[in-house]
Structures are given as structure tokens and as C-alpha cells.
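Heads up, the thing below is written out as C-alpha cells.
If you're wondering where the values come from, they're calculated on a predicted model, not measured in any experiment. We count residues from 1, following the sequence as given.
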Amino acid sequence: MSASSGILSIDQGTTSSRAIVFALDGTKVASSQKEFTQIYPNNAWVEHDPEEIWHTTLETCKAALHEAKKKGVDVAGIGITNQRETSVVWNKETGKPIYNAIVWQDRRTAEFCNSIKDQESKVAAKTGLLLDPYFSASKLKWLLDEVEGARELANAGKLAFGTIDTFLIWRLTGGKKHVTDTTNASRTNLFNIHDLKWDPELLELFDVPSSVLPQVLESSDDFGMTEAGMFSASLPIAGVAGDQQAALFGQCCFAQGDLKSTYGTGCFALLNTGSEALKSKHKLLTTIAYTLNGKTTYALEGSIFTAGANIQWLRDGIGVIKNAKESKVLAESLDYDHGVFLVPGFAGLGAPHWDPHARASLYGMTRDTSQAHFARAALEAVCYQTYDLQQAMESDGIASSKVLVDGGMVENDWLCQFLSDMLQVDIERPYNMETTAIGAAYLAGLQLGLYKSLDDIASHKKIEKRFTPSIDKGIRKKLLSLWQKAVESTLAFSRG
Ligand code: ADP
């Protein structure tokens, strides 16, 4: 392969579709991005138009490939990473979706999920997930039950279900491949993460005929060739992973105990637990990190529903800051004993509490309380919440020796330092922040033989900055204890 080889990474996210061509050392060669419409047909319903997802993906791929070609980079294949759990059903004969994609945030199936709550421990044992509208199975059931004629067509074997990776691969291969990878399958509530098969008992519980399901491949695998004429050459699709797993891979978290935490609108922390599917006692999810050469690596996953969103609220909701950057300067202006705590339950509280009814609360204000306290408390909260996840993971069996961070929020040095202080481990911020997209490219590159091994991939990684713990131990203990009290009060308030 020539020195100018590249890999096209498709990063199909919740608000935009992106295509990035990476050189093998991880340098970005070309990129294109297009936002698409968010559809809110009802309270707590969120949909995407699959055709718009397809067109924005296709256009961005063409633009990135064109730019890469101009720069003399020869694209060898495609990796795909995608918004997880979002569900599409289409007609296998016409290729047309029968309805919009139901997005991961959509809560329309909450009542159904509650009605089978007594099955949760069985579902959790098989899938590693909770019984929640978030995951694909209840969305798929809704599509089959509510779209006119869908159930009959499904029973006749005429419909296909897929998460976004599957739908894109179907379109890219001209309908030749109906496939997914283990990481995406592990987010459906239908896939047994231990034997790596669609589970007949779960299919029955969610009333899903097996004929609609895609074949499940490894994360680096042969997902088919793009249809002739779509791009200037037909390209192999060689790597697939859901977005958070792709970020874990892109951060080179290949060893047991490696933890990555992404701080965007929300926060997702994934801990590599090796070949062991650890069962959490703290409401963390057990999920598939990746499957390579017949070997599956698992992860524990914890999410914080609002992270950067707290800062957005300060800016857009109550107008106490002008921009996100300002939060750093304001936070630095106060001492550790400023005394204000924000428990950001704006959208309920995630792991380790999973209280959807929790509300955000602010503690410890005085007449001196200023915008600086708000900013500092909002940043601190994200670090305390990550500490809670770290503790949950540790008590579930695996401690991490460092945390690899990414996402828009971690450009804030103050946040990274406070995170290191609370977690008492090094925080590493990579030079290349496109961890999700690069993860999919790495998976494809492995399959295509462009990388020899995981070590070969890791050799390209560059750390931009490392933060090490420096806080006084006594101060830390006091802060964590006050945080704990604030969370307990918030949970008590939510119980009524
Ligand atoms: P997403 O991928 O979820 O859209 P990004 O990774 O782009 O999110 O991160 C954007 C989020 O990061 C926003 O919520 C914003 O408030 C927050 N953010 C951006 N810069 C900073 C900063 N310097 N300090 C704190 N938060 C920031």
C-alpha cells in the first residue's frame, strides 16, 4: 500500500452526518459535515428522516473523497460509527423505510417498558442493559405494531430492521448486505452478549420475528463493497462500531482497566473490562466494546445525562455566562471553599442512580453568590458525577489507573485538573480529538491489513496534555462529602 493511503470514516451522529478521511497516522486529510432535521412529532417523541440521513451521509462521503483525491490520498476502505439504538425498519424489496427512524432519546415506549418491568433482571442478565425505551427493542415493536400493515409484511419476511449502521450499509451496498456489528447489536435489548446471538426468548418478549434482524459480524469484518458507480471506485466497508465504543477504540483503550470519558452535551464513560462481561451492582450497563478475531472485549458504561448541557443552560437558559470558554475564568476566580453545589438533574440522574424524575438543585447560596459560583458548581458537578461512576466501576470489580478524555468540554483545562483531583488519577487529553471517527477508521484499517495489530494502532496516539492530581486530600474529602449530601437531598426531593 502506498504511503498516501487513507481510510474514510462515516460518523453518523444525532444532529449531523460527517465523513472524514484519515491518513494512517490519524491525521485528518479531508472532511465534510451536514446537519439534518430533528423531528418532534409529539411530547417526548424524537424522529429522523432515514432518507435525509442517507442523503447527508452520501453527500458528505462524496465531498470528503473528492477532497482526499485532490490531496493525492488513496482511500482504501470505509469505517462506520453511528448514533446508537436509533431504529429503522424498511421494505427489503423497495429499500424504502416504512416510517421515520425512532431516535435513542425517544420515550414513546415508556409505558410498554414499565408493563414488562418484572422481566428486567432476565433482560439484564442476557443483554447487560436495563429495560428502558432508550434501547432499540421496544422501538422496533412499536414500528411493527403501529405502522399499518407492518406486522403482516414482517411475518411474510419482507421487512428489515436495523440500527443506523445497518441501514447505511444496506444503502451503500445497494441492498446486498443486511448486517451489523456486535457493539450495535449489544444496544438493542435483543442480543445475548454472552453467546453473541439474537436471543429467542427476548424476541418473543418484544414480539419481534427473527426474519427482520441483520446478521451480526465482528467490529473489523467484511461488511460488503459499496455499489458500483456510487463513488469513483467500489470500496470495502471494513469496520463498524457504535459511537461510544468507537471513541473507546479511538482512544486506544485496549487493556482491561482503560477508561475513556467523553464530555459533550452529555457524558459517557466506558471502562474496558477485558474478556469478562462484568455485571454491575450499581446500574452501570454491560456492553460489548469490540469483537476482533473471534474474541469479544466487554465494557462497563456509565452516563451522565447533562455535562456540557449544564454550561449551555448557564449561557442560553439563564444567561449568567456569555460563552462556554468564560466558565474556566469564572471557576478559577474562586477558592475550594466557595460552598455552592449544583446537582444537575436537568434530565433526571443517570448512573449510578437512574432516577428519571430527579430535578436539578442548587445548594449553599449566600448573598455573595455570583455567576462565578454557578459556573464553578456546574463544572465541578461533572467531575463529582464522574467520580461517582469511577467508584461504581471500582466496586463492580475493576479500577482504572488513568482516564482518557475527549469531547467539547475538555478544552477547559480547569475542568480537566479538577477531574484529576477528584478521581486521583492522571487525565490524558489526546492531540486528536476526533476519537469516535478515528476509532471507526482504525477498525476498518485492521480488517484491511493497514495496521498489523492494536499495538501498531496505539503507536500513532499522541497525548496533547496530561493532568495529575494535586489537591490537598483533606479538602477533597470535604468536597466529596458535601457533594454526596447534595445528591442525597436531591434524590429525597424527587421521591416527594
Ligand atoms: P456534542 O458532540 O454532544 O454536540 P461537543 O463534544 O461538541 O458536544 O461539546 C459541546 C459541549 O461542550 C457544549 O455543551 C458546550 O457547552 C461544552 N463546552 C464547550 N467548550 C467548553 C468550555 N471551554 N468549558 C466548558 N464547557 C464547554
Side-chain angles (χ1 to χ4, degrees), residues 81 84-85 121 123-130 134-135 181-189 191-197 199 216 218-220 240-262 267-304 350-352 354 385-406 423-428 435-436 439 442-443 446 453-455 457-458 461:
T81 180
R84 304 179 299 173
E85 297 106 11
S121 57
V123 173
K126 288 169 185 272
T127 66
L129 309 174
L130 303 171
Y134 195 91
F135 307 106
D181 88 300
T182 55
T183 70
N184 276 296
S186 78
R187 312 298 297 185
T188 57
N189 253 343
F191 191 66
N192 187 315
I193 60 170
H194 310 287
D195 65 14
L196 306 184
K197 291 197 173 81
D199 191 279
V216 184
E218 298 195 350
S219 316
S220 292
V240 173
D243 52 11
Q244 297 307 322
Q245 283 92 335
L248 186 79
F249 206 81
Q251 285 273 27
C252 303
C253 290
F254 302 142
Q256 189 185 61
D258 285 352
L259 173 62
K260 81 90 202 175
S261 200
T262 301
C267 160
F268 290 89
L270 266 74
L271 172 74
N272 181 324
T273 63
S275 55
E276 219 181 325
L278 279 188
K279 189 170 165 357
S280 175
K281 292 184 281 298
H282 303 280
K283 301 193 174 168
L284 300 170
L285 305 176
T286 310
T287 202
I288 293 181
Y290 47 86
T291 304
L292 297 173
N293 302 319
K295 201 169 152 274
T296 291
T297 298
Y298 293 88
L300 277 179
E301 175 173 324
S303 49
I304 301 170
W354 279 98
Q385 288 181 295
T386 312
Y387 166 82
D388 289 343
L389 292 179
Q390 180 205 35
Q391 292 303 298
M393 287 168 174
E394 205 167 314
S395 105
D396 280 337
I398 296 182
S400 53
S401 56
K402 62 180 175 189
V403 179
L404 298 111
V405 294
D406 50 55
L423 272 54
Q424 289 291 295
V425 295
D426 284 3
I427 302 296
E428 288 183 0
T435 55
T436 308
Y442 285 156
L443 286 168
L446 267 181
S453 62
L454 296 182
D455 285 345
I457 290 174
K461 183 164 179 190

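Here the side chains of Leu285 and Phe135 are in contact, with some heavy-atom distance below 4.5 Å. Contact check for Asn189 versus Val123: side-chain heavy atoms found under the 4.5 Å cut-off. The side-chain heavy atoms of Ser275 and Thr297, taken from C-beta on, include no pair separated by under 4.5 Å. Under the 4.5 Å side-chain criterion, counting only non-hydrogen atoms from C-beta, Leu404 is in contact with Cys253. Side chains of Ile304 and Leu389 form a contact here, defined as non-hydrogen atoms less than 4.5 Å apart. Side-chain contact between Thr182 and Tyr290 is absent, with no heavy-atom pair separated by less than 4.5 Å. Inter-residue side-chain proximity for Thr262 and Gln244 is flagged as met; some heavy-atom pair is nearer than 4.5 Å. Inter-residue side-chain proximity for Thr286 and Ile193 is flagged as met; some heavy-atom pair is nearer than 4.5 Å.
Residues meeting the salt bridge (Lys or Arg N to Asp or Glu O under 4.0 Å) test with Lys126, sequence neighbours left out: Asp199, Glu201. Every residue two or more places apart in sequence or in another chain that forms a side-chain hydrogen bond (donor to acceptor under 3.5 Å, both in side chains) with Thr296 is listed here: Thr291. Residues forming a side chain to side chain contact (heavy atoms under 4.5 Å, CB included) with Ser121 (at least two apart in sequence, or on another chain): none. For Tyr298, there are no ring-ring contact (aromatic ring centres under 6.0 Å, His included) partners at least two apart in sequence or on another chain. Taking the salt bridge (Lys or Arg N to Asp or Glu O under 4.0 Å) definition, one finds that Lys283 meets it with nothing, sequence neighbours left out. Take Glu276 and apply the side chain to side chain contact (heavy atoms under 4.5 Å, CB included) test, not counting sequence neighbours, and it matches Gln256, Leu278. Thr436 is linked by a side-chain hydrogen bond (donor to acceptor under 3.5 Å, both in side chains) to nothing, counting only residues two or more places apart in sequence or in another chain. Judged as a salt bridge (Lys or Arg N to Asp or Glu O under 4.0 Å), and not counting sequence neighbours, the contacts of Glu85 are Arg187. Applying the ring-ring contact (aromatic ring centres under 6.0 Å, His included) criterion to Tyr134, with sequence neighbours excluded, gives Trp104. With sequence neighbours left out, Asp406 forms a salt bridge (Lys or Arg N to Asp or Glu O under 4.0 Å) with no residue at all.
Heavy-atom minimum distance, Ala269 versus Leu259: CB-CD1, 4.2 Å. When all heavy atoms are compared, the tightest approach of Ser401 to Val425 is O-CB, 3.5 Å. Of all the heavy atoms in Ala351 and Gly302, the pair that sits closest is CB-CA, 4.2 Å.
Atom-to-atom distance recorded for Leu284:CG and Thr287:OG1 is 12.0 Å, nearest 0.5 angstrom. Considering OG of Ser186 and CG of Asn192, their distance stands at 11.5 Å, rounded to 0.5 Å. To the nearest 0.5 Å, the span separating OG on Ser395 from CD on Gln390 amounts to 11.5 Å. Distance OG1/Thr435 to NZ/Lys461: 8.5 Å, rounded to 0.5 Å. From Gln245, atom CD reaches atom CG of Asp181 across 8.0 Å, with rounding to the nearest 0.5 Å. Taking CG from Leu454 and CZ from Phe254, the interatomic distance works out to 5.0 Å, rounded to the nearest 0.5 Å.
Phe268 carries Arg84 over the face of its six-membered ring, with the cationic atom under 6.0 Å from the centre and within 45° of the normal.
Residue pairs that meet the salt bridge (charged side-chain N to carboxylate O under 4.0 Å, His left out) test with at least one member in residues 392-401, sequence neighbours left out, do not exist here. For the salt bridge (charged side-chain N to carboxylate O under 4.0 Å, His left out) condition, no pair includes a residue of residues 244-259, sequence neighbours left out.
Put simply, the side chain of Thr81 gets close to the backbone of Ala241: a donor and an acceptor are under 3.5 Å apart. With hydrogens and angles disregarded, a donor-acceptor distance shorter than 3.5 Å links the side chain of Glu218 to the backbone of Asn293. Remark: the backbone N or O of Leu443 is paired with a side-chain donor or acceptor of Ser220 at under 3.5 angstrom. Checked by atom type and distance alone, the side chain of Lys279 never pairs as donor or acceptor with a backbone atom of Ala125 at under 3.5 Å.
Of the residues listed (Asn272, Ile398, Thr273), the one engaging Leu300 in a side chain to side chain contact (heavy atoms under 4.5 Å, CB included) is Thr273, and it is the only one.
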Exercise. Given Cys267 and Ser261, is the side chain to side chain contact (heavy atoms under 4.5 Å, CB included) satisfied, shown in steps?
Worked result: CA-CA 7 Å; Cys267 160; Ser261 200; 3.5 Å; yes
For this session: Mind running side chain to side chain contact (heavy atoms under 4.5 Å, CB included) on Ile288 and Leu196 for me, showing each step along the way?
Result: CA-CA 10 Å; Ile288 293 181; Leu196 306 184; 3.6 Å; yes
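With hydrogens and angles left out, the side-chain atoms of Ser400 and Lys402 include no donor and acceptor closer than 3.5 Å. Looking only at atom types and distance, the side chain of Asp455 has no donor-acceptor partner in the side chain of Ser453 under 3.5 Å away.
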